[in-house]
Amino acid sequence: MRALQNINHKLSLIRGAPEPVRQEGEVKVQIHYASLNPTDADIARGDLDLFIKLARARSSVRTGLEFSGTVAEGSAKFPTGTKVFGYTHLMKGPKTHQDVVSIPESFIAKMPKNLSFSQAAAFPLGAQTSLVALRDIAQLKRGQSVLILGASGGLGVYATQLARHMQLAITGVSGPDGLNLMKELGADEVVNYRRTSIDQMINQFDVVLELSNQYMFRDVRHLLKPHGTFVPTNPQKNLLAIAGNKFRRQKVGYLFVDRGDSTLLTELAGQIAQGVLSVGPVREFDFEDFEQAFASLQQPGQLGRTVMRLR
Ligand SMILES: NC(=O)c1ccc[n+]([C@@H]2O[C@H](COP(=O)([O-])OP(=O)(O)OC[C@H]3O[C@@H](n4cnc5c(N)ncnc54)[C@H](OP(=O)(O)O)[C@@H]3O)[C@@H](O)[C@H]2O)c1
């Protein structure tokens, strides 16, 4: 099989890699599509080497968090031939930039019938993380307001739709290419951060959801109501602010979704099947063109998610 190896921070596609051996509680999946996340670029550069070492991840395939595919060696829950999708463990799980993966059942779900394999690989991480952020961490209620920084990206397209479904008042922020998309997905107000700095914004929100990895708590405090909550997708950068929660009314949430959750993914698949949620824009590359796919992540104005076609 083919596998995208990362040795000494150089990615290379090798052929004839051995297929993974299936462990208890896992199913073997023939991958059709696998996505690219900003975290994959971080891992490829070596930014997370220390964490990978601590997690004792030994495989030379280090990138690929999401996938869609067909079960090749199944279980009672996911029989052979079932179409599945999922999000593997950020550090400890097998990675999906290879033709075949053996993955714990608890990280995957059955694909909604109305999605292509390409679409199914593009949404699990973004949708699950957004659901946890809005519902469990921020605990937003109907009628409350949320500012979503980075609302047109791989997470933002789901956060915006889920916020609309929760009947929140939504302000979305992105670059100029994402403005129309944010409106289509349900944002009431949209802001182009290249024209309007968040320093100039004066409205206050119940929650600021930070998906762009550009802002710290101190940058957004003026945008929070007195009892507002800031939910950053990079909690490590805000640990001091999280530690200070007990000393002030404004809070900082700890969001860390590091693996797929079969129950949540099944719930989200149901929302897709019912048309409550739709998959955002998807850019496709062939697996053989992995270098272009990784390079595209660095370009601003990328809406939704990038995927690679393996089959
Ligand atoms: N904590 C967790 O559990 C967790 C889980 C998954 C992911 N993450 C993290 O979540 C982050 C978002 O992931 P993603 O896949 O959605 O990334 P992405 O697809 O690259 O999206 C980033 C978004 O941020 C926007 N943006 C860039 N600069 C901005 C600025 N100065 N102000 C406002 N918006 C700006 C981009 O718009 P333009 O393209 O127009 O510039 C884009 O809409 C990543 O850092 C990822 O590692 C965290």
Side-chain angles (χ1 to χ4, degrees), residues 35-45 47-48 51 63-66 87-91 93 121-138 147-162 171-183 185 187 189-201 208-216 219-220 223 230-239 242 252-261 264 279-283 293-307:
S35 79
L36 280 172
N37 276 267
T39 308
D40 290 312
D42 297 343
I43 289 174
R45 272 194 306 271
D47 294 356
L48 301 180
F51 297 101
T63 56
L65 297 171
E66 300 172 287
Y87 165 22
T88 185
H89 194 295
L90 180 63
M91 290 298 152
F123 92 96
L125 182 153
Q128 187 186 313
T129 307
S130 298
L131 182 65
V132 172
L134 293 168
R135 191 172 70 182
D136 303 340
I137 309 290
L147 172 68
I148 305 177
L149 300 168
S152 65
L155 265 61
V157 292
Y158 303 102
T160 308
Q161 293 181 74
L162 290 166
T171 300
V173 180
S174 80
D177 299 311
L179 300 177
N180 285 338
L181 176 67
M182 292 190 294
K183 280 189 198 151
L185 297 175
E189 305 287 338
V190 295
V191 176
N192 173 357
Y193 69 83
R194 292 188 190 276
R195 281 234 167 133
T196 309
S197 152
I198 66 162
D199 300 339
Q200 298 166 259
M201 293 172 64
V208 175
L209 178 58
E210 208 299 78
L211 307 178
S212 69
N213 200 11
Q214 301 293 322
Y215 307 101
M216 310 266 286
D219 304 318
V220 306
L223 299 170
F230 175 51
V231 182
T233 51
N234 193 333
Q236 284 77 11
K237 272 195 343 199
N238 290 277
L239 287 178
I242 292 170
V252 182
Y254 188 88
L255 174 69
F256 192 57
V257 179
D258 64 353
R259 71 197 79 174
D261 175 315
L264 292 180
V279 172
V282 182
R283 285 169 307 284
F294 271 84
S296 77
L297 290 186
Q298 310 308 325
Q299 292 157 11
Q302 304 287 317
L303 309 177
R305 188 64 80 214
T306 299
V307 298

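This one's a predicted model, so the numbers in the text were calculated from it and none came from an experiment. Counting starts at 1 for both ligands and their atoms, following the listed order. The residues of the chain are indexed from 1 along the displayed sequence.
Judged by distance alone, with hydrogens and angles left aside, the side-chain atoms of Thr233 form a donor-acceptor pair with the main-chain N or O of Glu210 at under 3.5 Å. No donor-acceptor pair under 3.5 Å is formed between the side chain of Arg305 and the backbone N or O of Gly153. Judged purely by atom type and a 3.5 angstrom limit, Asp261 uses its side chain to pair as donor or acceptor with the backbone of Leu264. Side-chain atoms of Gln128 never come within 3.5 Å of backbone atoms of Val132 as a donor-acceptor pair (strictly under, hydrogens ignored). The closest donor-acceptor contact from the side chain of Asp219 to the backbone of Met216 lies under 3.5 Å. Remark: the backbone N or O of Ile198 is not paired with any side-chain donor or acceptor of Tyr215 at under 3.5 angstrom. For Asn37 (side chain) and Thr39 (main-chain N/O), no donor-acceptor pair under 3.5 Å exists by modelled atom type.
At under 3.5 Å, a nitrogen or oxygen of Tyr193, whether backbone or side chain, sits near a nitrogen or oxygen of ligand 1. At under 3.5 Å, not a single nitrogen or oxygen of Pro176, backbone or side chain, sits near a nitrogen or oxygen of ligand 1.
Between Val231 and the choices Ile137, Ile148, Leu134, the side-chain contact (heavy atoms from CB on, under 4.5 Å) rule is met once, by Ile137.
Only side-chain heavy atoms of Thr129 come within less than 4.0 Å of ligand 1; its backbone N, CA, C and O stay farther off. At a heavy-atom distance under 4.0 Å, atoms from both the backbone and the side chain of Thr233 approach ligand 1. Contacts of Pro38 with ligand 1, taken as heavy-atom pairs under 4.0 Å, involve the side chain alone. By the criterion of a heavy-atom distance under 4.0 Å, neither the backbone nor the side chain of Leu303 is placed next to ligand 1.
When hydrogens are left out, the protein atom nearest atom 40 (O) of ligand 1 is Gly175 N, 2.9 Å; that is the closest non-hydrogen contact. Nearest protein heavy-atom contact of atom 32 (N) of ligand 1 is Tyr215 OH, 2.6 Å. The shortest contact between atom 18 (P) of ligand 1 and any protein heavy atom is with Gly154 N, 4.0 Å. Here the heavy atom of the protein found nearest to atom 25 (C) of ligand 1 is Gly150 CA, 3.6 Å. Among protein heavy atoms, atom 3 (O) of ligand 1 sits closest to Val257 N, 2.6 Å. When hydrogens are left out, the protein atom nearest atom 47 (O) of ligand 1 is Thr39 OG1, 3.4 Å; that is the closest non-hydrogen contact. Looking at atom 16 (O) of ligand 1, its nearest protein heavy atom turns out to be Leu155 N, 2.8 Å. Regarding atom 21 (O) of ligand 1, its nearest protein heavy-atom neighbour is Gly153 CA, 3.4 Å.
For ligand 1, the atoms closer than 4.0 angstrom to any heavy atom of Asn213 are 45 (O). Residue contact check: Gln214 has heavy atoms under 4.0 Å from atoms 28 (N), 29 (C), 30 (C), 31 (N) of ligand 1.
When side chains are defined from C-beta on, Leu303 does not count as touching Val157, because their heavy atoms never get closer than 4.5 Å. At least one side-chain heavy atom of Ser174 sits under 4.5 Å from a side-chain heavy atom of Leu179.
Here the shortest heavy-atom distance to atom 2 (C) of ligand 1, taken over Leu255, Leu181, Asn37, Leu125, belongs to Leu255.
Contact annotation for atom 36 (C) of ligand 1: protein absent (non-hydrogen atoms, distance under 4.0 Å).
Other residues, nucleotides and ligands contribute only 12 or fewer heavy atoms inside 6.0 Å of the CZ atom of Phe51.
Using a non-hydrogen distance threshold of 4.0 Å, Asn234 does not register as a contact of ligand 1. Assignment of Gly301 to the shell around ligand 1 is supported, since a heavy atom sits closer than 4.0 Å.
For Gln298 and Ser296, the side-chain atoms include no donor-acceptor pair closer than 3.5 Å.
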